[in-house]
Amino acid sequence: QVQLVESGGGLVQAGGSLRLSCAASGRPLTNYTMGWFRQPPGKERDVVAAISWSGSKTFYRDSIKGRFTISRDNAKNMVYLQMNSLKPEDTAVYFCAKDQQQTRWGPGASASNEYDYWGQGTQVIVSS
């Protein structure tokens, strides 16, 4: 079993920054791709970013490229999402998730069905 707990969400004005954290317990994340997803109000959950097990490869959805940065600290079993220049359209519940398979990286990194463990989410609200 893996438990993922997100933190760092909140209310911020447009143009501001937040840093989301995802703390994992129950199993080391060292060999797993990790992803951040978000679900805006009334919409489906979709990928934000993903990072390979070593941290050497990353994926970002087009709308957040250049503003968000995903990172990880395997020694601490943590994954982060630094969000800068936030926009009202970034308002959503943000989730971190763990890949089902070890040492996998490819187009599936952006697909929610490739992930098996999810956190409970943290709310991000960006006011205009």
Side-chain angles (χ1 to χ4, degrees):
Q1 286 287 345
V2 175
Q3 293 78 43
L4 301 174
V5 179
E6 303 93 339
S7 62
L11 174 63
V12 64
Q13 288 188 332
S17 298
L18 286 173
R19 188 194 194 205
L20 305 185
S21 298
C22 174
S25 60
R27 182 184 297 178
L29 301 180
T30 310
N31 293 333
Y32 295 94
T33 286
M34 296 294 294
W36 282 99
F37 291 77
R38 69 185 182 187
Q39 186 167 17
K43 297 183 179 180
E44 294 187 354
R45 187 166 54 189
D46 205 353
V47 68
V48 176
I51 187 167
S52 63
W53 64 96
S54 66
S56 63
K57 300 182 179 69
T58 56
F59 167 86
Y60 295 97
R61 68 181 296 117
D62 287 344
S63 62
I64 58 91
K65 285 181 180 177
R67 300 189 295 123
F68 291 12
T69 303
I70 188 172
S71 61
R72 66 190 299 161
D73 185 336
N74 285 339
K76 296 181 178 179
N77 236 21
M78 297 286 294
V79 184
Y80 306 98
L81 186 68
Q82 178 67 43
M83 306 188 296
N84 299 328
S85 302
L86 282 161
K87 303 176 181 180
E89 52 263 43
D90 295 319
T91 293
V93 178
Y94 284 72
F95 302 86
C96 70
K98 167 194 155 296
D99 193 351
Q100 296 182 40
Q101 297 184 18
Q102 297 189 53
T103 61
R104 175 172 65 176
W105 181 260
S110 62
S112 60
N113 60 3
E114 299 289 335
Y115 294 81
D116 57 356
Y117 287 95
W118 296 78
Q120 82 291 345
T122 185
Q123 177 77 57
V124 172
I125 299 174
V126 184
S127 64
S128 57

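The residues of the chain are indexed from 1 along the displayed sequence.
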Asks: Does the side chain of L20 reach to within under 4.5 Å of the side chain of E6, using non-hydrogen atoms?
Replies: no
Asks: As an exercise, state the distance from SG of C96 to CZ of R72, rounded to the nearest 0.5 Å.
Replies: 11.0 Å
Asks: If you count heavy atoms of other groups shown closer than 6.0 angstrom to CD of E44, is the number above 12?
Replies: no
Asks: Measuring from atom OH of Y94 to atom CE of M83, what distance do you get when rounded to the nearest 0.5 angstrom?
Replies: 5.0 Å
Asks: Cation-pi between K98 and Y117: NZ/CZ under 6.0 Å from ring centre and within 45° of the ring axis?
Replies: no
Asks: Ignoring hydrogens and angles, tell me if any N or O in the side chain of S110 forms a donor-acceptor pair with the backbone of P107 under 3.5 Å.
Replies: yes
Asks: If you look at every heavy atom in V48 and F68, which pair is closest and at what distance?
Replies: CG1-CD2, 3.7 Å
Asks: Can you give me the closest heavy-atom contact between W118 and S112, atom names plus distance?
Replies: CZ2-O, 3.5 Å
Asks: Have a look at V124 and tell me which of L11, T91, L18 forms a side chain to side chain contact (heavy atoms under 4.5 Å, CB included) with it.
Replies: L18
Asks: Are Q82 and S71 close enough that some pair of their side-chain heavy atoms sits under 4.5 Å apart?
Replies: no
Asks: Salt bridge check, K87 against D90: does any charged N sit closer than 4.0 Å to a carboxylate O?
Replies: no
Asks: State, to 0.1 Å, how close L4 and A24 come at their nearest heavy-atom pair, and which atoms those are.
Replies: CD2-CB, 3.6 Å
Asks: Should Y80 and W53 be counted in the same cluster of Ile, Leu, Val, Met, Phe, Trp and Tyr side chains packed under 4.5 Å apart?
Replies: no
Asks: Looking only at atom types and distance, does a side-chain atom of N77 sit under 3.5 Å from a main-chain N or O of L29, one as donor and one as acceptor?
Replies: yes
Asks: For residues W105 and T33, report the shortest heavy-atom separation together with the two atoms involved.
Replies: CE3-OG1, 3.5 Å
Asks: Looking at CG of L81 and CZ of R38, how far apart are the two atoms once the value is rounded to the nearest 0.5 Å?
Replies: 9.5 Å
Asks: Rounded to the nearest 0.5 Å, what's the gap from OG on S127 to CD on Q13? Could you check?
Replies: 5.0 Å
Asks: State whether a side-chain donor-acceptor pair under 3.5 Å links T103 with N31.
Replies: no
Asks: CH2/W36 to CD1/I51 distance, rounded to the nearest 0.5 angstrom?
Replies: 11.5 Å
Asks: Do the side chain of Y60 and the main chain of G66 share a donor and acceptor less than 3.5 angstrom apart?
Replies: no
Asks: Taking all atoms of both residues into account, what is the closest heavy-atom pair of L86 and R67, and its distance?
Replies: CA-NH1, 3.8 Å
Asks: Checking R45 side chain against Q39 main chain: does a donor-acceptor pair fall under 3.5 Å?
Replies: no
Asks: Within this structure, what is the CD-CD distance for the pair Q100 and E114, rounded to the nearest 0.5 Å?
Replies: 6.0 Å
Asks: Give the ring-plane orientation class for F37 versus Y115, where under 30° counts as parallel, over 60° as perpendicular and anything between as tilted.
Replies: perpendicular
Asks: Closest heavy-atom contact between S128 and A14?
Replies: CA-CB, 4.3 Å
Asks: With a 4.5 Å limit on heavy-atom distance, are the side chains of S17 and N84 in contact?
Replies: yes
Asks: Hey, are the side chains of Q1 and R27 touching, using non-hydrogen atoms and a 4.5 Å cut-off?
Replies: no
